[in-house]
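Read the numbers this way: they start at 1 and go in the same order the structure lists the ligands and their atoms. None of the values given here were measured: they were computed from a predicted structure.
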Amino acid sequence: MSAADLETNAFWMPFTANRDFKKNPRIITGASGHHYTRSDGTRLYDTFSGLWSSGAGHCHPKIVAAVQKQVAELDFSMTFQASNDKAFALAERITGMAPDGFSNCFFTNSGSESVDTALKIALGYHRARGEGHRTRLIGRERGYHGVNFGGMSVGGIVPNRKAFSANLIPGVDHMRHTMNLEHAAFTRGQPQWGAHLADDLERLASLHDGSNIAAVIVEPVAGSTGILPPPVGYLEKLREICDRHGILLIFDEVITAFGRLGKPFAPDRFGVIPDIITTAKGLTNGVIPMGAVLVRKEIYDAFMQGPEFIIEIFHGYTYSGHPVAAAAGLAAMDVYEGEGTFEQAAALESTFEDILHSFADHEKVIDVRNCGLMGAIELAPRDGAPGARGLEIHKKCFWDEHLVVRNGMDVLQFAPFLNSKEDEMQQSFEAIRRVIDTID
Ligand SMILES: Cc1ncc(COP(=O)(O)O)c(C=O)c1O
């Protein structure tokens, strides 16, 4: 099928310039391993692992087989009041992988739902302990926590908030973001500069009184805003301030969980343990939509009070713990463990870092940032047209270099497959350099 035969009008595309896209649609019709297939049959190398989601590669045969088997065996079962075996098995599996102390998980269908679920759990936890006055939530500028009202409110991406400004949930404050070109441009990994920015949490705790704050939510490595690794000592400081004031620390690990940092979870890399972890994407290797919120035992236990016939949390989605998604999740965990996917990711880090930083002296590049297998090349914007350069690179890569490259405005973002081949990675960046060289 050619793109010209496809009617593209009805699909209102998310986070896309619809009118521009529909003039010359970039349609993908297949995938296998590290490649997509374009509607004209051309193979495209994917530099973004889907949308941060498919770290072990597309259409992994073990996950495909598990999904096919499950959908023929049990296509759906509710998990309200009766449930399915796969949901329980996956919950055991991922809490077993999580840092010590994480005992339970609540299933959702997406990262956005995981975030809103985590915020509700934090509020409910304090209330259950008789601290219902803890209602304030703290996020961070440039944070991305999905697009539902809670996540959008604690998030700090201005265009995502702008149209809904008056309807954001009340009682939310933001810490400053950690990006600083003057002090930290072209840092490899975590910047040395910036731990003091965590003091913003102390400032907000003084302003509101820490006893009124329920939770602070951060991405351990900010992703969608263009890869901001945490300054050295920053997460430690947040943890310390949270402990001092009884505030829950939520790590939004929708991107970072399941190997993106060379470990199962960010605490395994940074040594800072939050109270709640949100996940999605890599949970099923992107195959079936699913998210999970992991909580420490004391949080789960706080809800398990009162008469046993009463529902402890009035929250859940029709598809929380969907059996086909859970089967995909179990197969993804088998792949990650059986193939050593996280170890493969860790071994690729230094090659990826070297390749990315080889762009540092390019005249159009104003910063390069990386952490684990997350990386960004930030280009200078064109005068009066921020974002135009990034989008042009995306399109030229797609049509001329047979690459899928994600741009967020003028920041090229990279999420290599956790099991990338070094030569493919090298070749893809040679092509990206050609495109950066030739565009305005
Ligand atoms: C840190 C973080 N939280 C939440 C989300 C939202 O996830 P979803 O698009 O699955 O709702 C994302 C998506 O990229 C994310 O990066």
Asker: Near Ser224, which atoms of ligand 1 are under 4.0 Å from a heavy atom of that residue?
Answerer: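 Counting from 1, the qualifying ligand atoms are 14 (O), 16 (O).
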Asker: Out of all atoms in ligand 1, which are within 4.0 Å of some heavy atom of Ile255? Include the element for each.
Answerer: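 Contacts of ligand 1 toward Ile255, numbered from 1: 16 (O).
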Asker: Check each atom of ligand 1 against the heavy atoms of Glu219 and keep those under 4.0 Å away; list them by number with element.
Answerer: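 Those of ligand 1 that fall under 4.0 Å from Glu219 are 1 (C).
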Asker: Would you say Glu113 touches ligand 1, if touching means a heavy atom closer than 4.0 Å?
Answerer: no
Asker: Could you identify the single nearest non-hydrogen protein atom to atom 12 (C) of ligand 1 and state the distance to 0.1 Å?
Answerer: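 Answer, as residue, atom name and distance: Tyr144 CE2, 3.5 Å.
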Asker: Hey, does Lys396 have a side-chain heavy atom less than 4.5 Å from the side chain of Ile439?
Answerer: yes
Asker: Quick one: does ligand 1 sit under 4.0 Å from the side chain of His145, the backbone, both or neither, non-hydrogen atoms only?
Answerer: backbone
Asker: Against Glu349, only a single residue in Arg269, Lys263, Arg260 fulfils salt bridge (Lys or Arg N to Asp or Glu O under 4.0 Å); can you say which?
Answerer: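 Option passing the salt bridge (Lys or Arg N to Asp or Glu O under 4.0 Å) with Glu349: Arg269.
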Asker: As an exercise, state the distance from CD of Gln413 to OG1 of Thr225, rounded to the nearest 0.5 Å.
Answerer: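 One finds 8.0 Å between CD of Gln413 and OG1 of Thr225.
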Asker: Check Gly316 against Phe106 and note the closest heavy-atom contact, atom names and distance.
Answerer: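 Closest pair (atom of Gly316, atom of Phe106, distance): CA-CZ, 3.8 Å.
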Asker: So, are Asp334 and Arg93 salt-bridged, with charged N and O less than 4.0 Å apart?
Answerer: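 Salt bridge flag = yes for Arg93 with Asp334.
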Asker: Quick one: nearest non-hydrogen protein atom to atom 3 (N) of ligand 1, plus distance?
Answerer: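 Answer, as residue, atom name and distance: Asp252 OD2, 2.7 Å.
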Asker: Could you walk me through whether Thr278 and Asp252 pass side-chain hydrogen bond (donor to acceptor under 3.5 Å, both in side chains), step by step?
Answerer: CA-CA 5 Å; Thr278 56; Asp252 185 352; 2.8 Å; yes
Asker: Of all the heavy atoms in Gly223, does at least one lie under 4.0 Å from an atom in ligand 1?
Answerer: no
Asker: List the closest protein heavy-atom neighbour of atom 11 (O) of ligand 1: residue, atom name, distance to the nearest 0.1 Å.
Answerer: Ser112 OG, 2.6 Å
Asker: Among all protein heavy atoms in this structure, tell me which lies nearest to atom 10 (O) of ligand 1, with the distance rounded to 0.1 Å.
Answerer: Gly111 N, 2.8 Å
Asker: What residues form a ring-ring contact (aromatic ring centres under 6.0 Å, His included) with Tyr125, not counting sequence neighbours?
Answerer: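 Tyr125 satisfies ring-ring contact (aromatic ring centres under 6.0 Å, His included) with no other residue.
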Asker: Do me a favour and list the nearest non-hydrogen protein atom to atom 14 (O) of ligand 1 with residue, atom name and distance?
Answerer: Lys281 NZ, 3.0 Å
Asker: Which of the atoms of ligand 1 are close to Ser110, meaning less than 4.0 Å from one of its heavy atoms?
Answerer: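 Numbered from 1, ligand 1 contributes 10 (O), 11 (O).
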Asker: If I compare all heavy atoms of Pro220 with all of Glu253, which pair ends up nearest, and what's the gap?
Answerer: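 Between these two residues, the closest heavy atoms are CG-CG, 4.0 Å.
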